[in-house]
S.K.: 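This is the structure I want to talk about, given as structure tokens.
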Amino acid sequence: GNSKAGELMPTEGPLSSLKHGMLLMERNFRPFVELSGQHQAALWEILWEILVEDELLMALGTVLDDVFTGGSPRLTALPELSRGQRRRLATFLGLAGLQVREDLLVAREARGALDLPSAVHFFISALAEMPDKAPALMGSCCKLHMVPALCHLPQATSPDGFLALGDPSLAVLEDAQRFEIVRELFALSNISLEHAGSAVKAVIMEKPQYLPLLLYIILNGLCALERRDE
Amino acid sequence: MFAKATRNFLRDTDPGGDLIPVSSLNDSDKSQLLSLVVKKKKFWCWQRPKYQFLSATINDILTEDQFLNPVVLESDFVKYEGKFEDMVKGTIETALGRITLNAGGTGLVESQSSFGTLQKQEVDLHQLLRESVDRMINLKSPLLQQVLERKNEVLCILTQKIVTTQKCVISEHIQIEEKCGGMVGLKTKRVKVSVSEDGNVTRDSNVVLEIPAPTTIAYGVLELYVKQDGQFEFCLLREKQGGFEQESPDGPIDLDTGELIFPFMADCVD
């Protein structure tokens with residue numbers, strides 16, 4: 001456990017250094033992939049609302065942390081939220097495989113073979129730690145169907161940090177305006193993307209903290225949930 | 001909205017520092033010097049610890065007749081005025097329609113935030129340390145019993161706070177979604193704080209919050225290490241971790257998660 005965690009800590013260098021963790025992230029989001037198309041679509045719809053409501057995202061992070069540290073939080077104990085927001089939260093938690101009782105007490109059911117609540121907790125906790133603008137930019141990337149391409153970037157980056165344009169899987173980086181969205185999102189995650197001739201240089205910045213890892217946890221989660229389109 | 005404003009303020013004034021943003025106006029009242037605060041240990045390695053106010057001060061849990069009377073030091077903290085640029089600009093053509101990425105479609109949206117002149121109030125630590133020698137915590141107090149039940153919590157006391165000195169208005173500006181070609185564009189919220197001087201209220205916002213002075217917007221804590229007999233010490237160095245003696249700080253925490261994501265849990269990295 002310790003050595004794996006150490007290897008996953010992002011450090012300054014080419015974006016390709018993140019690819020070691022990609023397999024683990026994909027495996028962690030298997031519960032998303034294995035949901036029925038209808039379930040995925042419902043989760044996706046409400047997730048879209050959460051991406052643009054930061055109070056909801058923060059509250060969700062708190063509730064899930066409570067549940068996973070052995071508590072049974074009650075949604076009525078979140079005075080900052082409106083009744084409508086609590087209702088949306090309850091809907092999301094229900095779709096995430098948690099029990100939401102009539103009195104809005106949240107509890108965890110016995111764990112099944114596929115641990116959907118754990119995957120949701122993993123995903124939401126990463127999202128909640130991102131800078132303010134990131135979830136909305138992430139939402140744009142989803143709407144523009146850029147997420148699978150962005151997930152592929154660490155594998156496509158050379159050991160010296162270059163992404164060769166012209167590869168069909170990197171078409172999103174060739175459109176100037178799409179590139180601007182991606183550049184801004186990655187900059188918020190301490191990853192620099194810069195055009196360099198016929199390539200893009202993708203480098204993790206100095207002292208990146210956990211942000212590059214969080215970005216890729218979220219992108220992998222979104223990618224797993226988006227597979228209903230395939 | 002208040003949480004976002006205080007978080008933005010600390011991002012500008014104390015990045016990587018020890019101050020903690022107040023996340024709820026209700027907590028602002030509870031943030032008295034020497035108030036008890038519970039620090040919840042983080043679950044994932046990337047999380048920041050979360051803090052929760054208890055509606056009590058350290059004097060409520062000391063054994064009889066052992067009150068601490070802190071000397072409070074006051075100083076100017078900063079006059080805070082921030083300018084933010086919001087959102088990427090431009091429009092995008094997609095296979096399904098056109099998405100506008102900011103409210104106006106062009107240009108950069110700028111907003112200014114100001115909590116005005118802020119004051120720092122802090123406990124004189126030297127005096128506190130002198131006075132707390134030989135004081136004991138009553139571990140049988142019902143409040144502490146509840147904290148002890150949850151193994152992943154650390155007891156802290158509030159030793160400094162940043163308070164407003166002027167009435168402020170926090171307003172929320174929603175950058176409206178644009179519907180083009182059947183698709184919904186980007187929707188974000190901007191939070192703006194302004195010092196209320198002439199009673200004017202911003203008209204282009206959906207929600208406006210007026211906060212009176214003095215309101216606590218950030219605070220700092222000291223962790224406590226509490227021994228089994230009730231003696232306690234303040235954790236003055238970063239390396240020194242608080243907690244309760246009967247619970248080994250390195251011992252297992254009752255966390256429940258799927259085995260697949262184990263390498264990311266906080267304990268694996270710490």
Side-chain angles (χ1 to χ4, degrees), chain A residues 1-9 21 24 27-28 30-31 48 52-55 58 61-62 64-71 79-80 108 111 115 117-119 121-122 125-126 128-129 131-133 135-137 139-140 143-145 175-178 180-181 183-184 209-211 213-214 217, chain B residues 1-4 7-8 11 16 23-26 40-48 50 84 86-96 99 101 150-153 174-175 177 183-191 253-270:
Chain A
N2 281 326
S3 64
K4 268 188 183 170
E7 285 164 21
L8 293 169
M9 285 279 284
L24 182 66
R27 208 173 61 187
N28 290 343
R30 209 175 53 195
W48 172 245
V52 294
E53 282 203 58
D54 37 15
E55 298 94 343
M58 292 299 149
T62 304
L64 288 169
D65 279 348
D66 262 11
V67 169
F68 279 84
T69 49
E80 307 279 297
R108 197 173 175 199
R111 203 160 70 211
D115 199 10
S118 289
H121 183 208
F122 183 56
S125 304
E129 293 293 319
D132 289 347
K133 275 199 299 191
L137 284 167
S140 297
K143 288 282 177 189
L144 294 167
H145 302 284
D175 176 287
Q177 290 175 315
R178 278 181 167 80
E180 188 55 27
I181 298 175
R183 194 195 58 75
E184 173 126 5
Q209 301 164 319
Y210 285 104
L211 289 170
L213 178 67
L214 298 187
I217 287 174
Chain B
M1 192 157 73
F2 180 74
K4 197 168 178 178
R7 210 168 55 233
N8 287 344
R11 196 170 292 154
S23 55
S24 141
L25 264 178
N26 194 34
K40 297 181 174 192
K41 285 184 184 163
K42 55 191 184 178
F43 190 99
W44 303 109
C45 52
W46 56 78
Q47 285 180 310
R48 283 161 287 193
K50 291 189 169 119
F84 306 101
D86 273 348
M87 299 319 304
V88 280
K89 57 192 173 204
T91 56
I92 286 190
E93 298 293 335
T94 71
L96 296 169
I99 295 179
L101 287 171
R150 298 183 65 118
K151 290 179 185 167
N152 61 336
E153 294 183 349
I174 296 183
Q175 295 193 309
E177 58 196 288
M183 280 190 71
V184 178
L186 192 62
K187 187 173 86 173
T188 58
K189 289 179 192 171
R190 289 186 293 130
V191 167
I253 301 170
D254 188 18
L255 300 178
D256 182 15
T257 188
E259 67 258 27
L260 288 175
I261 38 196
F262 176 72
F264 294 106
M265 287 175 70
D267 273 12
C268 300
V269 176
D270 287 348

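Computation of the quantities below employed the complete heavy-atom set of this structure, encompassing side-chain atoms and omitting hydrogens, waters and symmetry-equivalent molecules. Just so you know, these numbers come straight off a predicted model, no measurement behind them. Protein chains get the first letters and strands the later ones, always in sequence-line order, with residue 1 at the start of each.
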S.K.: Is it the backbone or the side chain of A:I217 that comes under 4.5 Å from a heavy atom of chain B, or both, or neither?
M.R.: side chain

S.K.: With a 4.0 Å cut-off, would you call B:K50 and A:D65 a salt bridge?
M.R.: yes

S.K.: A:F122 and B:W46: which non-hydrogen atoms are nearest, and at how many Å?
M.R.: CE1-CH2, 3.4 Å

S.K.: Is chain B contacted by the side chain of A:A176, its backbone, both, or neither, given a heavy-atom distance below 4.5 Å?
M.R.: neither

S.K.: To check you understand the geometry: which heavy-atom pair defines the closest contact between A:S125 and B:W44, and what is its length?
M.R.: OG-NE1, 3.0 Å

S.K.: For the atom pair OG1 (A:T62) and NZ (B:K40), what is the distance rounded to the nearest 0.5 Å?
M.R.: 8.0 Å

S.K.: So which heavy atom on B:R48 is nearest to which on A:E129, and how close?
M.R.: NE-OE1, 2.9 Å

S.K.: Contact part of B:R7 toward chain A, heavy-atom cut-off under 4.5 Å: side chain, backbone, both or neither?
M.R.: side chain

S.K.: Would you give the length of the straight line joining atom NZ of B:K4 to atom CE of A:M58, rounded to the nearest 0.5 angstrom?
M.R.: 9.0 Å

